[in-house]
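Numbering of residues begins at 1 and proceeds along the displayed sequence. When a ligand or atom number is given, it counts from 1 through the structure's own listing order.
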Amino acid sequence: MDDKASGSAGQVEPGRDFIRDIVKADLEAGRVAQVITRFPPEPNGHLHIGHAKSIVLNFGIAEEFGGRCHLRLDDTNPVKEEQEYIDAIKRDVRWLGFDWDEHLYHASDYFEQLYRWAEDLIRAGLAYVDDQSPEEIRVNRGTLTEPGKNSPFRDRSVEENLDLFRRMRAGEFPNGARVLRAKIDMASGNINLRDPVMYRILHAAHPRTGTAWKIYPSYDFAHGQSDAIERITHSICTLEFEDHRPLYDWFIEHLKVPSQPHQYEFARLNLTYTVLSKRVLTQLVRDGHVSGWDDPRMPTLAGLRRRGVPASAVREFVKRVGVAKANSTVDVQMFDHAVREAMNTSAERRMAVLRPLKVVIENYPDGHSEELEAVNHPDNPAAGTRKINFGRELYIERDDFMENPPKKFFRLSPGTEVRLRYAYFITCREVVKDSSGAIVELRCTYDPATRGGNAPDGRKVKATIHWASAAHSLLAEVRVYNPLFTKPDPAGGAEFAKDLNPNSLELLSDARVEPALSKTEIGVPVQFERQGYFCPDTDSAPGKLVFNRTIGLRDTFAKDLAKG
Ligand code: ATP
Ligand code: MG
């Protein structure tokens with residue numbers, strides 16, 4: 001669903017966080033004439049809700065301050081990157097409501113320029129080819145408390161370095177045989193400055209440059225220079241790059257780049273019960289824990305979209321989280337709240353029985369049926385009304401009946417009277433069971449005078465329950481999703497599987513929904529009264545209705561967990 005029309009992305013007041021303060025000050029002081037930001041995903045996975053924070057921030061700032069935001073695919077590692085991911089990234093950024101116009105770039109567009117700058121550094125005596133093995137390089141880099149050791153190859157002549165680097169490019173050496181390193185300071189307190197790797201040998205085909213390159217630049221060497229080429233004014237990234245900033249600045253200072261971008265760091269989004277590591281998300285897909293990147297349980301934008309979450313809810317949520325300088329974890333209920341809010345106003349109401357129990361109205365004429373009127377949205381009369389069919393045989397929710405109810409149970413039980421929404425009062429007369437003792441049917445009577453849901457004699461009932469006509473309703477599959485993890489802070493890395501929620505998907509294969517629901521389009525949200533917000537899944541087809549539960553009406557997950 002593309003709900004771009006339902007809200008422009010530019011609703012935030014400018015100057016509300018420290019990055020906006022910086023941008024504003026830079027504009028006012030004339031340090032920059034036009035703000036240019038970028039969103040730089042690596043196409044090695046699908047975008048998730050954490051990326052949404054960065055997208056909303058970068059595109060949002062550009063929009064608010066009259067600048068522009070580039071979409072740059074940071075495609076410097078051909079081993080993990082795929083065209084499928086590039087396409088998905090573009091689709092997801094658009095879905096979220098943003099547009100880069102003609103400003104789509106790829107780090108790979110700059111490979112030739114980056115290579116020339118690397119030669120410039122060699123000529124300036126600021127880069128060298130190192131023949132140490134990857135293991136030796138790692139060991140000699142030192143630790144947080146111990147300085148590193150200079151490589152025995154550190155003082156090669158400019159000529160030898162140039163010759164070796166050109167032969168690296170020509171593909172003369174195998175993977176891992178040599179690297180190009182910046183010559184900075186092996187004793188630096190900042191490990192990123194201990195002669196960082198600029199180029200690695202990699203005999204791998206690239207989705208865009210094919211087999212033209214046998215060496216690929218590191219993130220650190222590519223990123224800042226790509227920003228400079230695009231004249232990015234504010235290079236906004238997450239906090240883990242704070243320690244890389246001195247290196248970012250070092251390259252910009254020592255190269256003849258066309259502009260001087262500055263890097264600013266903000267806290268990444270973390271959510272309870274959610275993993276946002278691309279590595280773990282990739283593994284969830286590969287190991288079949290989910291059905292794919294767009295499995296509605298995934299925190300990916302594709303998953304959220306398929307689940308029925310409106311893009312406006314994602315934008316609103318990340319705006320509310322705000323932009324801070326210290327890492328923290330946001331309660332996933334805050335996200336759920338934003339989803340409910342967005343859906344409450346837009347979703348029309350329908351009736352669906354998820355776990356049906358048959359009800360026969362004994363005093364209702366056999367073979368007869370009638371149409372009753374139901375409102376489509378209680379707060380929006382313009383949404384109008386629709387007709388629903390009532391008949392002798394109905395379904396109600398299993399949970400709405402108890403044979404031996406506790407004191408506070410006001411729904412249906414033997415001898416009690418409840419209201420069927422938009423229809424009549426009914427009273428349960430008899431419970432029918434099968435040979436194993438399971439309840440299979442309720443025999444009830446209705447009061448014809450209560451049509452529409454009120455008794456002329458003024459008597460009250462304590463509960464109103466939803467229902468579906470056995471003869472008219474349609475069979476549907478309903479997929480109820482629960483959080484993918486059972487712990488607020490699931491184990492990261494290889495350990496993640498132990499915290500997976502075995503009940504993250506409940507398949508209800510014999511739900512009964514009112515016929516109007518066969519016309520709901522994929523991705524359009526509806527509220528199933530008393531149950532939550534739902535939308536047709538992409539697996540839905542004529543004659544096979546499949547609904548996703550986007551979100552329940554209120555949070556029951558914490559309660560269920562406590563119950564065990
Ligand atoms: P990795 O680098 O491990 O592949 P990543 O999640 O950092 O994964 P990138 O494609 O590099 O993925 O991210 C693109 C941009 O999105 C970066 O600028 C990054 O800082 C930002 N980003 C990624 N995850 C989050 C998050 N959880 N919250 C906010 N921004 C994020
Ligand atoms: Mg990254």
Side-chain angles (χ1 to χ4, degrees), residues 17 19 37-62 69-82 84-90 92-93 96 98 100 104-108 217-220 222-224 226-227 230 232 234-245 248 261-285 293 298-304 314-315 317-330 332 334-335 489-490 492-493 496:
D17 56 63
I19 295 184
T37 56
R38 86 285 169 270
F39 172 63
E42 183 180 349
N44 61 351
H46 284 242
L47 299 181
H48 54 59
I49 190 163
H51 294 114
K53 180 174 179 180
S54 177
I55 296 167
V56 170
L57 182 62
N58 279 295
F59 280 92
I61 284 179
C69 180
H70 298 179
L71 176 62
R72 182 195 314 139
L73 294 153
D74 207 349
D75 54 351
T76 54
N77 181 359
V79 175
K80 288 192 185 160
E81 295 159 7
E82 288 172 29
E84 175 213 326
Y85 296 138
I86 297 180
D87 298 339
I89 285 168
K90 291 194 221 166
D92 291 345
V93 173
L96 203 52
F98 299 98
W100 50 90
L104 172 68
Y105 302 102
H106 300 80
S108 56
S218 62
Y219 170 88
D220 283 319
H223 198 80
S226 301
D227 285 343
E230 293 175 26
I232 301 301
H234 300 80
S235 178
I236 303 166
C237 62
T238 36
L239 279 176
E240 66 270 25
F241 294 105
E242 194 171 10
D243 291 344
H244 294 243
R245 189 176 356 115
Y248 184 105
H262 288 276
Q263 177 183 300
Y264 302 94
E265 306 88 15
F266 71 100
R268 66 194 293 119
L269 176 70
N270 300 302
L271 272 182
T272 56
Y273 297 100
T274 310
V275 168
L276 294 180
S277 144
K278 259 197 236 170
R279 218 169 50 77
V280 172
L281 296 179
T282 306
Q283 224 172 319
L284 285 170
V285 174
W293 283 98
M298 291 281 273
T300 51
L301 298 184
L304 296 174
V314 178
R315 291 196 299 265
F317 166 68
V318 297
K319 283 174 191 170
R320 280 181 200 166
V321 167
V323 179
K325 265 194 253 197
N327 278 318
S328 64
T329 300
V330 175
V332 73
M334 186 173 159
F335 176 60
D489 53 343
F496 75 91

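- The minimum heavy-atom distance between Ala267 and Lys325, with the atom names listed, is CB-C, 4.4 Å.
- Residue-level proximity to ligand 1 for Lys278 is carried by the side chain, the only part with a heavy atom below 4.0 angstrom.
- Considering backbone and side-chain atoms alike, Leu269 places an N or O below 3.5 Å from some N or O of ligand 1.
- If you take NE2 on His262 and OH on Tyr248, they are separated by 9.0 Å, rounding to the nearest 0.5 Å.
- Of all atoms in ligand 1, numbered sequentially from 1 with element shown, those under 4.0 Å from a heavy atom of Glu42 are 4 (O), 9 (P), 10 (O).
- Considering both main-chain and side-chain atoms, Arg268 comes within under 3.5 Å of ligand 1 through a nitrogen or oxygen pair.
- Contacts with ligand 1 closer than 4.0 Å are made by no heavy atom of Arg279, backbone or side chain.
- Ligand 1 places these atoms under 4.0 Å from at least one heavy atom of Thr238: 19 (C), 20 (O), 29 (C), 30 (N), 31 (C).
- Salt-bridge formation is not detected for the pair Arg38/Glu230: no Lys NZ or Arg NE/NH1/NH2 atom is positioned less than 4.0 Å from an Asp or Glu carboxylate oxygen.
- On a distance-only criterion, Gly50 and ligand 1 share at least one N/O pair closer than 3.5 Å.
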Could you go through Tyr273 and Asp489, starting from their C-alpha distance and side-chain angles, then the distance that decides it, and tell me whether this counts as side-chain hydrogen bond (donor to acceptor under 3.5 Å, both in side chains)? CA-CA 6 Å; Tyr273 297 100; Asp489 53 343; over 6 Å; no
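- Applying the 6.0 Å contact sphere to NZ of Lys80 captures no more than 12 heavy atoms from other residues, nucleotides or ligands.
- Of all non-hydrogen atoms in Lys90 and Leu71, the two that sit nearest each other are CG-CD2, 4.1 Å.
- Within the 4.0 Å heavy-atom cutoff, His48 counts among the residues contacting ligand 1.
- Contact annotation: for Asp74 versus ligand 1, there are no heavy atoms closer than 4.0 Å.
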Give the C-alpha distance, both sets of side-chain angles, the deciding distance and a yes or no for ring pair (Phe, Tyr, Trp, His ring centres under 6.0 Å) between Phe241 and Tyr219. CA-CA 11 Å; Phe241 294 105; Tyr219 170 88; 5.0 Å; yes
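- For ligand 1, the atoms sitting less than 4.0 Å from at least one non-hydrogen atom of Asn44 are 4 (O), numbered in the order shown with element in parentheses.
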